[in-house]
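Some notes on the structure that comes next.
Everything quoted here is computed from the prediction, not taken from an experiment. Atoms within each ligand, like the ligands themselves, are counted from 1 in listed order.
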Amino acid sequence: MNVVVLCGGVGAARFLRGLMHVVPAKDLTAVVNTGDDLELHGLTICPDLDTITYTVADAIDPGRGWGLENETWTSLQALERFEAVRPADSTAATTWFGLGDKDLATHLYRTHRLTEGATLTTVTAEIAKAWEVPFRLLPMSDDPIRTHVETVDYGTISFQEYFVRHRHNIAVRSLKFAGATTACVSPDVLQAITHADRIIIAPSNPFVSIGPLRALPDLERALQERRENTVAISPLVGGKALKGPADRLLSELGYEVTQKSIATIYNPIASSLLIDTIDADQAPAIAATGMTPIVTNTIMSDLLTTKSLAQTALQT
Ligand code: FO1
């Protein structure tokens with residue numbers, strides 16, 4: 001059974017860690033958001049790809065949910081010396097984005113391989129192999145797509161400035177996915193979507209993690225054609241996002257913070273929506289949108305519950 005998971009962020013990484021125990025690695029493909037990616041210190045950084053790689057390799061820092069455990073930050077601290085002399089219009093020696101010494105190795109390797117002409121798909125496969133990720137890990141595109149956040153009070157900023165520098169604690173007016181209309185969906189991704197027996201939308205942020213994927217016209221079209229084989233896992237539990245700004249963004253972008261809103265957003269590309277038992281009373285509202293509600297435990301508190309959620313997502 002060929003399974004494809006649409007991923008972004010920490011929730012997707014956790015979900016994959018459970019799913020990989022119930023789907024043979026040769027049948028599993030993760031299609032990952034690259035809208036969070038950024039260039040910093042002359043390096044290309046891919047947070048969602050790296051978070052999945054490190055989580056699946058059991059090397060993730062469990063407290064942060066991103067970056068490597070037992071990390072050191074000497075290079076970042078050494079950069080602070082230059083902040084004092086940096087010209088006002090320079091972004092050199094940026095230290096608000098936490099890059100650990102071991103994590104830097106990934107960005108050094110990726111960046112050098114990209115300058116040698118390798119595609120992001122090729123380099124991602126090399127990094128996944130180096131970390132012994134057993135399934136296929138695909139960036140959604142080999143072309144750059146960047147999520148830009150139009151905020152109420154701080155202008156339009158990069159996703160990481162919103163998420164990290166401002167701790168996603170500022171009001172958002174709209175989201176833009178720069179490059180999405182001209183970027184090509186990678187052929188590997190289109191092939192995986194077309195041949196999938198089951199497509200799962202991981203419990204990721206529907207706007208900033210899944211949104212960039214859907215901003216690629218060819219990918220949205222391919223997903224719409226596979227709607228009947230696609231199930232989405234809601235990132236909301238009891239009106240709250242377990243991690244990240246999904247609940248805030250729903251409200252700031254004009255939606256009610258309900259499972260019905262998640263169903264409305266995913267309806268064009270998914271036929272079922274998995275919601276937590278705490279939200280069972282919202283099942284009829286989901287059914288009214290034309291999606292089938294599946295009520296189960298969606299809180300991935302440990303590997304056992306995550307595997308059970310994965311089983312449910314496969315069997316609906
Ligand atoms: N998240 C933070 O909240 N603070 C950071 O300093 C930070 C650094 C960082 C470095 C590498 C990486 O792969 C992820 C990092 N993240 C950090 C998480 C990242 O912003 C988010 O995981 C995604 O972009 C959104 O899911």
Side-chain angles (χ1 to χ4, degrees), residues 5-17 30-57 59-77 79-80 83 91 93-111 120 123-124 127-128 131 133 137 139-140 144-149 157-170 172 175 177 201-213 235 241-249 300:
V5 189
L6 306 186
C7 303
V10 175
R14 287 213 180 112
F15 175 69
L16 277 169
R17 212 163 154 265
V31 172
V32 185
N33 167 43
T34 56
D36 296 7
D37 294 4
L38 67 163
E39 277 71 36
L40 211 52
H41 315 297
L43 299 172
T44 298
I45 299 160
C46 303
D48 283 352
L49 285 165
D50 295 345
T51 298
I52 289 169
T53 301
Y54 296 161
T55 300
V56 164
I60 200 83
D61 179 88
R64 283 181 267 120
W66 54 267
L68 290 164
E69 63 182 342
N70 307 323
E71 184 59 280
T72 54
W73 309 89
T74 47
S75 304
L76 197 67
Q77 282 151 8
L79 275 172
E80 286 168 9
E83 285 188 303
T91 56
T94 293
T95 56
W96 54 262
F97 190 76
L99 286 176
D101 299 319
K102 291 191 293 184
D103 185 33
L104 271 176
T106 304
H107 316 312
L108 291 170
Y109 180 76
R110 175 187 292 119
T111 306
L120 184 58
V123 187
T124 299
I127 294 169
W131 281 98
V133 173
L137 191 57
M140 63 189 192
I145 291 113
R146 294 292 178 268
T147 300
H148 292 162
V149 181
I157 56 180
S158 73
F159 175 78
Q160 295 300 344
E161 281 183 282
Y162 163 70
F163 193 86
V164 174
R165 196 171 198 180
H166 294 283
R167 303 189 186 294
H168 51 79
N169 201 11
I170 54 176
V172 170
L175 297 168
F177 305 115
I201 303 177
S204 301
N205 186 310
F207 299 109
V208 291
S209 293
I210 306 300
L213 290 153
L242 293 181
K243 196 165 173 72
D247 42 12
R248 272 193 71 140
L249 286 173
M300 300 179 285

**Asked** Taking atom types as modelled, is there a side-chain donor on T147 or Y162 under 3.5 Å from an acceptor on the other?
**Response** no

**Message:** What I want to check is whether the side chains of S209 and N33 have a donor and an acceptor closer together than 3.5 Å.
**Reply:** no

**Message:** Do F207 and V172 make a side-chain contact, defined as non-hydrogen atoms from C-beta onward lying under 4.5 Å apart?
**Reply:** no

**Prompt:** Below 4.5 Å, heavy atoms only, C-beta onward: do C46 and L120 meet side chain to side chain?
**Reply:** yes

Tell me which protein heavy atom sits closest to [atom], plus the residue, atom name and distance to 0.1 Å.
atom	result
atom 13 (O) of ligand 1	P47 CA, 3.3 Å
atom 21 (C) of ligand 1	F163 CE2, 3.7 Å
atom 23 (C) of ligand 1	D36 OD2, 3.4 Å
atom 5 (C) of ligand 1	W66 CZ2, 3.4 Å

**Request:** Could you tell me which non-hydrogen atom of H166 sits nearest to which non-hydrogen atom of I157, and how far apart they are?
**Result:** CD2-CD1, 3.7 Å

**Asked** Which pair of heavy atoms, one from Q160 and one from D36, lies closest together, and at what distance?
**Response** NE2-O, 3.0 Å

I need the atoms of ligand 1 closer than 4.0 Å to a non-hydrogen atom of [X], numbered in the order shown.
X	result
F159	24 (O), 25 (C)
D103	11 (C)
G98	5 (C), 6 (O), 8 (C), 9 (C), 10 (C)
G9	26 (O)

**Complete:** Here the gap from C7 atom SG to I210 atom CD1, rounded to the nearest 0.5 Å, amounts to 7.0 Å

Of the backbone atoms (N, CA, C, O) and the side-chain heavy atoms from C-beta on, which set of [X] has a member under 4.0 Å from an atom of ligand 1: side chain, backbone, both, or neither?
X	answer
Q160	side chain
N205	neither
D48	side chain

**Prompt:** Would V149 and L175 satisfy side chain to side chain contact (heavy atoms under 4.5 Å, CB included), going step by step from the backbone distance to the final call?
**Reply:** CA-CA 5 Å; V149 181; L175 297 168; 3.9 Å; yes

